[in-house]
Amino acid sequence: MSDLYELTTDVIDIASVARRVVPPECGATVTLDGYARRFTKDKATGEVRETEYLVYEAYEPMALKEMAKIIERAKAEFEVSAIGIAHRLGRLEIGETSVVISVAAPHRKAAFTACEWLIRELKRTVPIFKKEVYADGEAWSEGEMP
Amino acid sequence: MSDLYELTTDVIDIASVARRVVPPECGATVTLDGYARRFTKDKATGEVRETEYLVYEAYEPMALKEMAKIIERAKAEFEVSAIGIAHRLGRLEIGETSVVISVAAPHRKAAFTACEWLIRELKRTVPIFKKEVYADGEAWSEGEMP
Amino acid sequence: MVFADFAMILRVLFFGAAADSAGTREAQVEVAEGLTAGELVESLKAKHPGLAGQKLLIAVDQEYVAASTPLEPGCEIAIFTAVSGG
Amino acid sequence: MVFADFAMILRVLFFGAAADSAGTREAQVEVAEGLTAGELVESLKAKHPGLAGQKLLIAVDQEYVAASTPLEPGCEIAIFTAVSGG
């Protein structure tokens, strides 16, 4: 059972990611499915904006390296058996999946903990960039510094 | 956006559960996919047994009521928008999904917490019963008391 | 089991390991009015010795009840060991 | 930017908001040998004032580096603001 990590401009099938990381000693897979949200509240002003679509771009070779690193760190730190990460690039319509992280583990507790850790690290370290396009403009999303 | 809970003898499509609970104000869905595991370690003896298949049965009307109750409690306790639960009944081959719990929330932290709480409560309170069938016998799984 | 003048008929369902121990999945039992859930379980253990060693849960009309709960005529009882879904 | 006798040519990639601010996604720059990553960022901010107000991350050959890291001839630099995937 190997891990997987990929960047793709195709629509992501969350079941295929979740189901490609099912080792026979495991009983549970926890999957985070992040997707393009129609309404976003501005953290500073509290104003709610309606997003028309998203565009994701990546520094692809580095993003793949950083994805491999967080997988390696998660497997060292948590009792998990297999990890799959897929991140969408290009234009995403509202409701389409931007990221899927699936973690299979013998015990579900470790799968939950590792999956939550992985999305936090991905948002902190993997060089992928989100642009939100509104009816009246567009803005790069402000992320967290690593 | 309504919640869903169901018992089915059909193969469960985890994406369809996850994707039926995607409200427009949400950005993340956390899904637990539990499945029939080939190898199980006996808690008392440490012996590893190979399972050939599983059979799940339920006290169906009460199981549906208890599923509705844990959904209601989760929505009261956590900041989540929609919850879907599907549990398989009948004979399951190894690797097939026995349970899917999907939780959509505006913030992923609440989705992780609620999903983990829901599977724990489901295993404690929902009257569903698992029988493991081995090459040389079978045994009802010993669950936890509510 | 003592049959009082005022008896009631109950439907009892068994699930999982409890069904194997009872040797049946469903029974009709006639019991004295006012019997509690715990007393019913004791009488079932007397009738089906396989149930005797088990910690059993009891539901009345699809709700978990305490052993002290009195049973009503016509109610549906379910008996099972700890649940094991998931 | 000072061109020393021993200069090196670097490829600089810009992503996300930093690409918009720089007005380009890629540039070749010639810099003095031994320049640090932080010094390069300062010189890029001088050339592209849009970058000046931003907190920038720098990667060399696809690894995050500290501002004090010396750059090597032929390395690939990437400049971006905080990442925002997920």
For the pair C:Y64 (side chain) and B:T125 (backbone), establish whether a donor and an acceptor sit closer than 3.5 Å, ignoring hydrogens and angles.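 Looks like yes, one N/O pair under 3.5 Å.
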
Looking at B:H87 and C:G86, would you say the former's side chain and the latter's main chain have a donor-acceptor pair under 3.5 Å?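 Yes: the side chain of B:H87 pairs with the backbone of C:G86.
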
If you draw a 6.0 Å radius around [atom1] in [X], do more than 12 non-hydrogen atoms from other residues or ligands fall strictly inside?
X	atom1	result
B:E72	CD	no
B:K131	NZ	yes
B:F78	CZ	yes
B:E93	CD	yes
B:E142	CD	no

Quick check on [X] against chain C: is it the side chain, the backbone, both or neither that has a heavy atom closer than 4.5 Å?
X	result
B:Y56	side chain
B:A63	neither
B:K130	both

dist B:F129:CZ -> C:F80:CZ (nearest 0.5 Å) comes out at 4.5 Å

Are C:R25 and B:E57 within salt-bridge range, i.e. N to O under 4.0 Å?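 So C:R25 pairs with B:E57 through a salt bridge.
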
Could you tell me which of C:A19, C:A78, C:S84 has the largest number of non-hydrogen atom pairs under 4.5 Å with chain B?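 It is C:S84.
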
Just wondering, do [Y] and [X] contact through their side chains at under 4.5 Å, heavy atoms?
X	Y	result
C:E63	B:M62	no
C:F15	B:P127	no
B:W140	C:S21	no

Chain B contact via C:D61 - which portion, at a heavy-atom distance below 4.5 Å: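 The answer is the backbone of C:D61.
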
Would you name the heavy atoms of B:L122 and C:V83 that are closest together and state the gap between them? O-CG2, 4.3 Å

